[in-house]
Amino acid sequence: MRLVAGSKSLKTLLIASKDEPSIAKIHALMILTGIFGHGNSNAKLIQSYARLGYIESARQVFDKSPQCGVDAWNAMIIAYSRRGAMFEALSLYHRMASEGVRPDSSTYTVVLKACTRSLDLRSGEETWRQAVDQGYGDDVFVGAAVLNLYAKCGKMDEAMRVFDKMGRRDLVCWTTMITGLAQNGQAREAVDIYRQMQKKRVEGDGVVMLGLIQACTTLGHSKMGLSIHGYMIRKDIIMDVIVQTSLVDMYAKNGHLELASCVFRKMLYKNVISWSALISGFAQNGFAGNALQLVVDMQSFGYKPDSVSLVSVLLACSQVGFLKLGKSVHGYIVRRLHFDCVSSTAVIDMYSKCGSLSSARTVFDQISFRDLISWNAIIASYGIHGSGEEALSLFLQMRETNVKPDHATFASLLSAFSHSGLVEKGRYWFSVMVNEYKIQPSEKHYACMVDLLSRAGRVEEAQELIDSMITEPGIAIWVALLSGCLNHGKFLIGEMAAKKVLELNPDDPGIYALVSNFFATARRWDEVAEVRKIMKKTGMKKVPGYSVMEVNGKLHAFLMEDKSHHQYEEIMQVLGKLDYEMKAMGYVPKTEFVLHNLEEEVKERMLCNHSERLAIAFGLLNTGPGTRLLITKNLRVCGDCHEATKFITKIVNREIVVRDVKRFHHFKDGVCSCGDYW
DNA sequence: GTAGGGTTAG
């Protein structure tokens with residue numbers, strides 16, 4: 001090998017080197033030629049070692065250098081910071097002063113970055129003060145770094161204060177503000193800053209657009225998202241994989257799954273994150289089947305699902321009650337990936353929604369770190385299974401920890417009380433939430449309380465609570481009151497609630513179905529017709545009810561009156577036989593749960609064709625005697641099916657678990673765990 | 001000036 005003398009060419013070689021031995025060779029050459037120790041050659045060596053992850057070798061160069069310039073110190077600090085070794089990065093920075101090396105703009109920038117990575121606000125602010133002292137207060141790089149520190153620590157007020165005082169702002173400073181606001185739930189303010197930026201004639205790039213897209217995602221503002229997308233195309237702004245992924249995410253989260261898929265298909269370079277964005281979009285919008293299919297597709301394209309994409313799979317499993325798949329995903333994450341706080345919470349949620357409350361609890365008890373959301377998940381689990389007492393006991397355990405309950409914790413707790421009919425406990429903890437925790441009750445909390453009271457038949461008290469509200473009660477509250485009135489035959493208050501509901505122009509067909517059910521129960525057929533007319537006019541159709549059941553690791557879905565099933569004849573035979581036996585035991589069909597004004601006999605037929613009945617019959621046909629059946633329904637279970645299922649458990653001597661959109665019903669020996677509160 | 005701003009999940 002010919003000796004390469006020039007320091008410049010050695011540095012070029014350094015940049016090209018791909019492994020430790022080749023850097024070491026150049027390192028040796030530098031020592032031989034006497035270049036090492038001059039200029040910033042040691043800084044370049046440190047950078048090269050660090051770039052490939054050889055941080056110990058980098059440190060050796062640093063320690064063995066006769067003297068280190070600021071570049072070498074900076075390179076070493078960056079190396080530690082990138083590796084996540086914040087303590088080493090900071091202690092090097094603190095050592096600089098005693099070794100007589102003056103930090104430069106880069107030093108402050110990278111140290112601030114290190115503090116941001118570890119969310120160390122105190123050290124960050126101290127570094128920022130020192131930077132200002134040393135005359136770097138107007139440096140845009142240092143400025144952007146401190147803005148980002150505040151943004152990542154959730155201190156947007158502080159960021160804004162610094163931003164307002166900045167003499168010079170470049171694109172990165174603007175972007176940091178826009179992204180920071182968007183990620184801290186201040187999406188409108190993010191858009192305001194962008195408008196200011198436009199006024200100053202600063203041209204945005206893809207990263208700015210990404211911040212705006214995130215703002216649209218949280219605002220649910222698909223129109224603006226669409227126009228940003230169009231703007232990028234018109235202005236030829238480069239959309240890399242990150243920007244494109246954020247578009248997929250934005251469209252998917254706003255429910256425009258066709259647009260999301262369209263952007264996704266056109267992406268030339270995809271990665272696991274882009275796949276995950278699309279998968280979670282489908283899962284979150286309730287398209288569990290599509291989400292699961294996408295995971296299969298992803299693998300056939302050579303992408304391995306990671307814990308993030310698997311969390312979406314778990315969500316999909318939760319939605320359809322696919323316990324078998326959920327279990328294997330759980331096993332896979334534990335064995336092969338990182339079972340962190342997020343994935344363990346998703347697993348807890350999956351087990352609980354797939355009917356295995358005890359497995360959910362086991363996972364919860366085993367995990368080493370529990371944050372607010374893990375606690376909320378386990379409390380909510382007991383709630384939907386109707387164990388209000390156990391939900392409360394977990395809440396009391398949570399109070400012993402450092403994790404502070406939030407509005408969602410109380411929403412789950414109150415709803416747990418509601419499902420268990422624990423009215424007094426609900427009243428008590430509602431007041432604790434307000435008085436001790438100073439949590440302003442939201443619409444959701446009021447809805448829970450109204451639900452709790454009116455489920456228990458105390459609709460007058462519920463109405464009093466509504467009257468005490470400072471804010472205008474929203475639709476969820478009137479709906480809760482109305483369902484209570486429907487279940488307890490309180491037609492006077494019910495009528496008032498029904499009118500309020502209709503005034504608020506709900507866009508959910510399920511709500512119209514409830515109003516219509518209410519009037520049907522009151523035998524007010526004119527009003528029923530009126531509601532149906534509104535539904536027709538606004539082009540709304542009742543969401544078709546369906547039930548899903550897993551048998552032998554495969555999912556089977558049933559729609560109401562589903563004749564397409566290959567076992568339809570056998571299913572009808574089973575139902576006919578059950579119907580006969582049920583009636584002999586005293587079962588009377590509750591035909592008031594049918595929407596239409598039809599002949600009694602037709603109504604009865606429609607009832608026994610409800611999707612959950614078909615699923616039960618299918619389960620009885622295809623599983624061994626004594627096997628527990630788990631059925632997942634997309635709507636609330638109807639009152640008649642609820643009654644019938646109780647009879648069926650007695651006849652066939654089986655446990656039947658039905659999960660509806662609100663909670664679990666464990667039917668056994670003619671009784672339901674909900675105690676007929678639901 | 002490979003120093004600062006960026007993607008998915010409970």
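Below, read A as the first sequence line, B as the second, and so on, with proteins coming before strands; counting in each chain starts at 1.
- Not one side-chain nitrogen or oxygen of Arg169(A) sits closer than 4.0 Å to the OP1 or OP2 atom of dG4(B).
- Atom-to-atom, CZ of Arg117(A) to C1' of dA3(B) comes out at 12 Å; the value is rounded to the nearest Å.
- Of the candidates dT7(B), dG5(B), dT8(B), dT7(B) carries the atom nearest the Gln214(A) side chain, counting heavy atoms from C-beta on.
- Here dG5(B) is the nucleotide among dT7(B), dG10(B), dG5(B) with the atom lying nearest to any side-chain atom of Val172(A).
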Problem set entry | Pair Arg129(A)-Asp133(A), salt bridge (Lys or Arg N to Asp or Glu O under 4.0 Å): steps then yes or no | CA-CA 6 Å; Arg129(A) 267 195 302 278; Asp133(A) 281 350; over 6 Å; no
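- Using a 4.0 Å heavy-atom distance criterion, Ser374(A) is classed as a base contact.
- Using a 4.0 Å heavy-atom cutoff across all strands shown, Asp139(A) reaches no nucleic acid atom at all.
- Nearest nucleotide to the Asp240(A) side chain, out of dT2(B), dT7(B), dG6(B): dG6(B).
- No hydrogens or angles were tested; on distance alone, nothing pairs the side chain of Asn376(A) with the base of dG10(B) as donor and acceptor under 3.5 Å.
- In summary, the aromatic rings of Phe339(A) and His330(A) are positioned with their centroids under 6.0 Å apart.
- Set against dT2(B), dA3(B), dG10(B), the side chain of Lys44(A) has dT2(B) as its closest nucleotide.
- Which of dG10(B), dT8(B), dG4(B) sits closest to the side chain of Ala346(A) comes down to dG10(B).
- The base of dT7(B) sits within donor-acceptor range of the side chain of Thr245(A), with an N or O pair under 3.5 Å.
- Arg370(A) comes within contact range of no nucleotide atom at all, as no heavy-atom separation falls under 4.0 Å.
- Not a single donor-acceptor contact under 3.5 angstrom links the side-chain atoms of Thr109(A) to the base of dG4(B).
- If you look at Phe395(A) and Trp375(A), their ring centroids are not closer than 6.0 Å.
- Distances were taken from every side-chain heavy atom of Leu315(A) (C-beta onward) to each of dG5(B), dT8(B), dG10(B); the shortest belongs to dG10(B).
- Taking atom CD1 on Ile193(A) and atom C1' on dG5(B), their separation rounds to 14 Å, with Å as the unit.
- Within 4.0 Å (heavy atoms only), Val146(A) reaches no atom of the nucleic acid at all.
- Among the protein residues, Lys270(A) comes within range of no part of the nucleic acid, since none of its heavy atoms lies under 4.0 Å from any strand.
- To the nearest angstrom, P of dG1(B) lies 16 Å from CG of Asn74(A).
- Centroid-to-centroid, the aromatic rings of Trp73(A) and Phe62(A) come within less than 6.0 Å.
- Looking at heavy-atom distances under 4.0 Å, Thr176(A) makes contact with sugar-phosphate atoms alone, never a base.
- Contacts of Ile78(A) with the nucleic acid, taken as non-hydrogen atoms under 4.0 Å apart, involve only primed sugar atoms and P, OP1 or OP2.
- The nucleotide whose nearest atom lies closest to any side-chain atom of Cys341(A) is, among dG10(B), dG4(B), dA9(B), dG10(B).
- Atom-to-atom, NE2 of His338(A) to C1' of dA9(B) comes out at 13 Å; the value is rounded to the nearest Å.
- OP1 and OP2 of dG10(B) both lie 4.0 Å or more from every side-chain N or O belonging to Lys353(A).
- A straight line from CZ of Phe369(A) to C1' of dG10(B) spans 13 Å, rounded to a whole angstrom.
- For Asp349(A), taking side-chain heavy atoms from C-beta onward, the closest of the listed nucleotides dG4(B), dG1(B), dG10(B) is dG10(B).
- Considering only the side chain of Val208(A), dG5(B) comes nearest among dG10(B), dG5(B), dA9(B).
- At a threshold of 4.0 angstrom between heavy atoms, the contacts of Val142(A) with the nucleic acid are absent.
- Side-chain N/O atoms of Gln284(A) include none lying less than 4.0 angstrom from OP1 or OP2 on dT8(B).
- The base of dA3(B) sits with one of its N or O atoms less than 3.5 Å from a complementary donor or acceptor on the side chain of Ser105(A).
- Ring centers of Trp275(A) and Phe264(A): under 6.0 Å apart, within the cut-off.
- Of the candidate nucleotides dG1(B), dA9(B), dT7(B), dT7(B) has the atom lying nearest to any side-chain atom of Gln183(A).
- Across all strands, Ser309(A) comes closer than 4.0 Å to no nucleic acid atom at all (heavy-atom distances).
- Checking the phosphate oxygens (OP1, OP2) of dG5(B), a side-chain nitrogen or oxygen of Asn148(A) falls inside 4.0 Å.
- With respect to the salt-bridge test (charged N to carboxylate O, under 4.0 angstrom), the residues Arg59(A) and Glu56(A) do not qualify.
- Contacts of Gln244(A) with the nucleic acid, taken as non-hydrogen atoms under 4.0 Å apart, are absent.
- As judged by a 4.0 angstrom heavy-atom cut-off over every strand, Asp306(A) is placed among residues making no nucleic acid contact.
- Heavy atoms of Ser106(A) sit under 4.0 angstrom from at least one base atom.
- Rounded to an integer number of Å, the gap from Asn285(A) CG to dA9(B) P is 12 Å.
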